[in-house]
Amino acid sequence: MLSLPELASIAHKLLVPFSIAFIFTISVCTIICSVDLSILLPSILRPQKGLALPSLNQSRWMQARCWKDNAASLVQQAYIKIVCSDAVLTVFLLQFPGKVFQVFDPDGPQVFIPPNLMDEIEAFPDNVLSISDGVKELFQTEHTMFPDPGNQEWITWTKQNLDKNVAKYSAIVKQELSGLFPWQFQRYGGWQPIQAHPKLVQIVAAIASRIFLGHPIGTKEGQPSRKNPEWIMATITYPRDLFIAIYFLNFWPRWLRSVAKYMIPHMWVSWMHAGLAARVVEEALQHPANGDAAHGVYEMLSEEKKNDYLSQGRAQLGFAMAGMHTTIRVISQALFDLAEHPEYIPMLREEIKKVWGPRDAYKEPIMEQFASLKKLDSFMKESMRLHGGVSESMLPSPLSSFQNQTLTNEKASFRRKVLQPITLSDGTFLPPGTSVYFPTHALSHDPSIFPDPDKFDGLRFYKLRQRSQADANKHQFTAIDNHATYFGAGRHACPGRTFAGVLAKWILIALVTRYDFKIIEGDSTPRDFQFSGLLLVNTKKMIMIRDRVVV
Ligand code: HEM
C-alpha cells in the first residue's frame, strides 16, 4: 500500500507527460462551465437564511455578477482594472457608518463589521465564531492541500517560538542576509531600472526556508548555492497555484466541487506542491537545525502523527503562505513608496545612523534598536495602510495575462464563520453560516479615521505616536487596532507580526543605506490592481536604482 506522499510523488511524475493539449482542453471546458455556473448559481441558490442587512441598491445577482465580471477578465486581460469589491466597501462604510452591512460576491453574502462593533465580535469564543471554519472555506481545505486549520501545531510553534524569540531569529536573518543580499542586489554605478520584487522574493523565500525548514534545505550561512531551488520555487509559486485553483473551484456549487476539483489543472499543481513539501520535510528532519519550525512542529506531534509527512509538509506550505508572502508584500510596497517619495530617504538614513551607528557597522541586533526606528516603522505602516498587507504570490504562466502580478486576499485580515446564532448590541442578528469580515482596506481610506486618506504621509503614524504614551504603542507597525486590522484582531491576530516587522526592517535598512531609488520618469505602470476581492501587486513594475551617492 502506497503512502500519500508516495502517491503524490507518483502523481508528480505522471503529470508531466500529460499533453499540453489535454490540459488546455480541460482548462477551457472548466472556464466555460464556470462562467455559466457562477452567474446562475451563487446568490440565487445559496441565500443566507435569516440575514437581513443593508446592501447595495443592486440585486444580489447584479452584485455577484459585478464580482464575476472582474473574474472573467482574469483570462482576457493583461491586467484587471476593476474596483468593484473595493468601491462597494468604501461606499458602504461612508453610507452606513457604524452599521453592519453585507455585500454579495459569487459565493453569497459577505458581512462586514464596523469598528464600533469589532471588540464585541472579537470576544466571541471559537465555538461561536470560528476562524478555522473561515479558513477552511477561504482555502477550500476539504479539496486543496492547504494546512488543515484543525492541526494547530504550526500556529503554536509561531506563538511559542518565533514570537517569543524574535531576537534569536533576527540574528539568523542578519547572518543569512549577509550572503543573500549581495546575491540579488549588486553594484549599480549609475541609475538603472530594475524589477525589485523578484529579487526580494528570492531573498525572503531563502530566509523563510532557513527558518521554517533549517539546514541544509534552507540557505547555509548566506550561501545561496546551498539552498534547495526546487523547494524555494515551490514556496514562491504555491499560493499562486492554490488561489487560482480555488478561484476556479469556487465557480462550482459546493455539492459538485468534490468532482470538479479533478478538472482544475492548478489543483493538481497545488497537490504536487504538497507532495514535494512532504518529501522535503522528511529530508529536513534528518538534519538537526537551530530552532527551525520543521523540528519544532515535529516535537509537538503525537507519536502516530510524527510519520505523517504530508501533514507536516502542508504545515510548511502554510508557513510560506502566512509568513513569507505577506512579508515580501510589505517590503515590496515600501520600496515602491521609497521610489515614489525619495524625499524620505535622507530622513530614514539619518534615523538609522543615529540608532545603529555608521553605515554597515551594524551592531548585534537588539530589539530596542528596532523599536527606536520610529520613522521607518511609520513609513512601513503608511505603506501597508495604502497598499494592503495580507498575502501575495506571483501568478502563473498558463494565465499569462497575470504573470506580472502578485496577489493578496484583501478580505482575509479578519475572516470568521458564525457557528451559533449571534445578536450584536445594535440588534444585528447573524445566523449560523454567516461569513464575517472586517473591511480593512475601506477603513484605511475613511477620511474620518485617516485625514486626507489618499495622501502618502510617511510620518503619519510617527506623528500620531508623539501624542501620548497610549498613542506611542497604538500606532506601531505591528500594533492591532480597530482602525488598522492589517494583522487581524483578537486572539487569532497574527502571531508572526513582530518577526515580520523585524525582517522587513532588516531588508529595508540594507536597501536604504546602500542605494538611492526613484521612479522611472513618465512610467504609469500601476503598482497594484484590484480583482474580485483580491489585491494584486505588479511584480514587473520597475524602479530606478543606483549606488548611494554620499554627499
Ligand atoms: C507583514 C507580514 C504579515 C501579515 C500582514 C500577516 C497578516 C496576518 C493576518 C491578517 C492574519 C489573520 C488574523 C486574524 O484572522 O485575526 C494572520 C494570521 C497568522 N499569521 Fe500572519 N502575517 C504576516 C506575517 C506572518 C509571519 C512572518 C508568520 C510566521 C510564520 C505569520 C504567521 C501567522 C499565523 C500562524 C497565523 C494564524 C493565527 C491563528 O489562526 O491563530 N504571519 N497573519
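One-based numbering, in listed order, for ligands and for the atoms of each.
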Pair Arg254-Glu137, side-chain contact (heavy atoms from CB on, under 4.5 Å): steps then yes or no: CA-CA 11 Å; Arg254 285 169 211 276; Glu137 190 176 73; 3.5 Å; yes
Which residues share a side-chain hydrogen bond (donor to acceptor under 3.5 Å, both in side chains) with Asp457, sequence neighbours left out: Lys463
Heavy-atom nearest neighbour of atom 27 (C) of ligand 1 within options Gly323, Ala504, Ala493: Gly323
Heavy-atom pair of closest approach, residues Leu285 and Tyr309: CD1-CE2, 3.8 Å
Any Arg329 heavy atom less than 4.0 Å from ligand 1: no
Contacting atoms of ligand 1, where contact means under 4.0 angstrom from a heavy atom of Lys159: 41 (O)
Nitrogen or oxygen atoms of Arg416 and ligand 1 under 3.5 Å apart: yes
Under 4.0 Å to a heavy atom of Ile131 - the qualifying atoms of ligand 1, by number: 15 (O), 40 (O)
Under-4.0 Å heavy-atom contact with ligand 1, by part of Leu162 that carries it: side chain
Salt bridge (charged side-chain N to carboxylate O under 4.0 Å, His left out) involving Lys164 - partner list, sequence neighbours excluded: none
Steps toward ring-ring contact (aromatic ring centres under 6.0 Å, His included) verdict (Phe336, Phe517): CA-CA 9 Å; Phe336 281 143; Phe517 300 98; over 10 Å; no
Ligand 1 to Ala489 polar contact by distance, N or O atoms, under 3.5 Å: yes
Residue Tyr486 vicinity, atoms of ligand 1 by number, heavy atom under 4.0 Å: 5 (C), 7 (C), 10 (C)
Minimum heavy-atom distance between Gln175 and Ser178, given as atom pair plus value: O-OG, 2.6 Å
Contact check: Thr327 vs ligand 1, nitrogen or oxygen atoms, below 3.5 angstrom: no
Atom of Leu242, atom of Phe139 and distance for their closest heavy-atom approach: CD2-CD2, 3.8 Å
Residue Val330 vicinity, atoms of ligand 1 by number, heavy atom under 4.0 Å: 1 (C)
Part of Met380 within contact of ligand 1 (heavy atoms, under 4.0 Å): neither
Winner among Pro495, Ser132, Ala322, Gly318 once heavy atoms are compared against atom 25 (C) of ligand 1: Ala322
Donor-acceptor side-chain pairing of Glu120 and Ser425 below 3.5 angstrom: yes
Full working for ring-ring contact (aromatic ring centres under 6.0 Å, His included) between Phe379 and Phe456: CA-CA 9 Å; Phe379 189 91; Phe456 181 90; 5.1 Å; yes
Distance filter under 4.0 Å to His492 heavy atoms, resulting ligand 1 atoms: 13 (C), 14 (C), 16 (O), 38 (C), 39 (C), 40 (O), 41 (O)
Atoms of ligand 1, numbered as shown, that sit under 4.0 Å from any heavy atom of Gly488: 10 (C), 13 (C), 14 (C), 16 (O)
